[in-house]
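Worksheet for the structure shown next.
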Amino acid sequence: MPAPASISAAEVRRRVESSLPWREASAAAEALEAAHEVARTASQDLIDRLDGATRIVISGAGSSLYIAQVAAFALREEANLPAEAQPLSEVLLRPDPVFASQRVADQPLIVVSRSGTTTEALAVLRAARERGQYTVAVTCRADAPMAELADVALTIPEADDEAIVMSRSFVSQASLLMRLGARLGNPAFAADLDAMPARWPETSPFIEQAYELAAASPSRLIVLGAGAALGIANEAVLKVTETGQVPASAFHPLEFRHGPISVCEPGVIVAGVLGGPAEADERRVVEESAVLGATPFVLGSDGPGAGLHPTAQLPLKMHVLQALAFGTAVERGLD
């Protein structure tokens with residue numbers, strides 16, 4: 001099949017912004033507000049169980065796993081909670097090493113699924129119930145089977161997506177979990193999360209850059225991120241892969257230097273989701289990729305949400321990366 005003729009950034013914008021996935025992604029601010037309210041009003045019993053846990057496993061599949069990665073790091077970083085992300089398949093098929101002991105009463109399990117019907121999620125919750133484990137379902141549908149199986153269901157119907165790919169549901173469920181942990185952590189982080197939805201318009205100039213990059217018909221996308229941003233990088237790669245069918249990979253920034261940076265050449269975009277005390281070191285990796293011919297795209301602390309905690313900025317940066325993914329798809333003539 002011949003490659004489609006190149007189109008302008010303006011045409012990329014028009015096609016993306018007329019699509020259902022983009023309309024839903026752009027409506028995320030209201031969904032984020034709703035997600036934070038769910039977290040702020042969650043029961044004190046749930047908060048106490050998280051506070052007393054020896055291990056908190058957050059699990060999902062696909063985009064939901066990357067939500068777990070974002071949330072688990074944020075809970076460790078800002079609330080000193082022993083949280084970790086695990087794929088549903090690991091929790092289902094290898095529960096003993098996941099939970100490290102047969103004593104699971106103080107190891108809450110949080111399962112994430114937009115639809116609440118994911119096969120592995122239901123199986124994991126049923127197995128946890130048999131073990132006597134405390135479970136939390138995070139979903140967008142209150143009447144989903146998963147919500148009925150869990151001890152506690154945290155639901156955000158305002159964040160549900162009609163489109164196949166997750167957009168506002170991704171950022172909303174990740175923010176819900178971060179805001180939940182913030183009840184046990186740094187009040188300034190909680191305040192920045194609460195302030196973040198109102199900063200949504202700040203994504204606009206970075207989205208324009210994303211459309212320009214997509215219009216240049218990239219041959220490959222590399223997304224770099226560390227800490228909570230690694231989950232954002234993984235989700236961005238999934239979005240580009242499933243919508244634009246462009247080869248894409250995610251790396252920790254400094255790990256990218258150890259071999260994978262050799263893929264850099266004209267046509268390759270290297271996007272850095274950066275912030276925090278390591279930003280200068282990580283930014284240098286993106287600069288090195290440009291020396292090798294790649295096109296750099298930096299979403300740093302001076303990006304959308306500048307001045308907020310770097311982790312609180314991540315939903316805004318994810319929206320920009322969604323624009324890059326959807327733009328790449330329409331540039332290639334894909335729906």
Side-chain angles (χ1 to χ4, degrees), residues 16 19-36 38-39 58-75 85 87-88 110-118 121 137-141 144 146 154-180 193 196-197 200 203 206-207 210 221 223 225 227-244 248 250 271 273 299 304-305 311-327 329:
V16 169
S19 69
L20 173 62
W22 184 253
R23 291 197 299 273
E24 292 183 328
S26 299
E30 293 180 6
L32 285 161
E33 292 278 13
H36 293 169
V38 171
I58 310 176
S59 189
S63 292
S64 295
L65 173 60
Y66 305 140
I67 289 170
Q69 291 176 345
V70 173
F73 191 93
L75 266 58
L88 283 170
I110 301 173
V111 180
V112 184
S113 167
R114 172 183 62 176
S115 68
T117 60
T118 304
V138 177
T139 180
C140 294
R141 301 174 188 174
M146 198 175 86
L154 303 176
T155 62
I156 329 165
E158 299 87 346
D160 202 3
D161 297 307
E162 183 181 342
I164 293 172
V165 296
M166 290 175 65
S167 59
R168 65 184 173 189
S169 58
F170 179 91
V171 295
S172 298
Q173 290 177 107
S175 287
L176 186 160
L177 288 169
M178 291 194 289
R179 187 60 181 84
L180 192 69
L193 282 170
M196 177 264 297
W200 209 253
T203 60
F206 300 92
I207 287 170
L221 174 67
V223 189
L230 180 59
I232 297 296
N234 283 328
E235 171 64 5
V237 163
L238 176 60
K239 281 290 166 287
V240 168
T241 303
E242 67 183 348
T243 62
V273 187
L299 295 170
T311 304
Q313 290 180 290
L314 291 178
L316 302 168
K317 295 175 181 177
M318 185 68 245
H319 188 45
V320 176
L321 292 168
Q322 288 167 344
L324 179 57
F326 298 158

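These numbers come from the heavy atoms of this one structure, side chains and all, not from hydrogens, waters or symmetry mates. Since the structure is predicted, the reported quantities are computational estimates derived from the model, not experimental observations.
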Contacts of D160 that satisfy salt bridge (charged side-chain N to carboxylate O under 4.0 Å, His left out) - sequence neighbours left out: R141
Sequence-distant partners of E30, salt bridge (charged side-chain N to carboxylate O under 4.0 Å, His left out), two or more places apart: none
Working for side-chain contact (heavy atoms from CB on, under 4.5 Å), residues L193 and H36: CA-CA 8 Å; L193 282 170; H36 293 169; 4.2 Å; yes
Could you state the interatomic distance from [atom1] ([X]) to [atom2] ([Y]), rounded to the nearest 0.5 Å?
{"X": "F170", "Y": "M318", "atom1": "CZ", "atom2": "CE", "answer": "6.0 Å"}
{"X": "E235", "Y": "S64", "atom1": "CD", "atom2": "OG", "answer": "9.0 Å"}
{"X": "Q322", "Y": "S167", "atom1": "CD", "atom2": "OG", "answer": "5.5 Å"}
{"X": "M146", "Y": "R114", "atom1": "CE", "atom2": "CZ", "answer": "12.5 Å"}
{"X": "I156", "Y": "L176", "atom1": "CD1", "atom2": "CG", "answer": "4.5 Å"}

pair [X]-[Y]: side-chain heavy atoms closer than 4.5 Å:
{"X": "L316", "Y": "M196", "answer": "yes"}
{"X": "F73", "Y": "L230", "answer": "no"}
{"X": "L321", "Y": "V273", "answer": "yes"}
{"X": "V16", "Y": "I207", "answer": "no"}
{"X": "L154", "Y": "L180", "answer": "yes"}

What is the minimum heavy-atom distance between [X] and [Y], and which atoms define it?
{"X": "A325", "Y": "T243", "value": "O-OG1, 3.4 Å"}
{"X": "G60", "Y": "L65", "value": "O-CB, 3.5 Å"}
{"X": "V165", "Y": "E242", "value": "CG1-OE2, 3.4 Å"}
{"X": "S169", "Y": "I67", "value": "O-CD1, 4.3 Å"}
{"X": "L238", "Y": "S63", "value": "CD2-OG, 3.3 Å"}
{"X": "T311", "Y": "A228", "value": "CG2-CB, 3.9 Å"}

Checking the side chain of [X] only, and the main-chain atoms of [Y] only, is there a donor and an acceptor separated by less than 3.5 Å?
{"X": "T155", "Y": "T139", "value": "no"}
{"X": "E24", "Y": "A163", "value": "yes"}
{"X": "K239", "Y": "M166", "value": "yes"}
{"X": "S175", "Y": "S172", "value": "no"}
{"X": "Q313", "Y": "G305", "value": "yes"}

Under the ring pair (Phe, Tyr, Trp, His ring centres under 6.0 Å) test, residues paired with H319 that sit two or more places apart: W22, W200
Among V70, V112, V38, side-chain contact (heavy atoms from CB on, under 4.5 Å) partner for Q173: V112
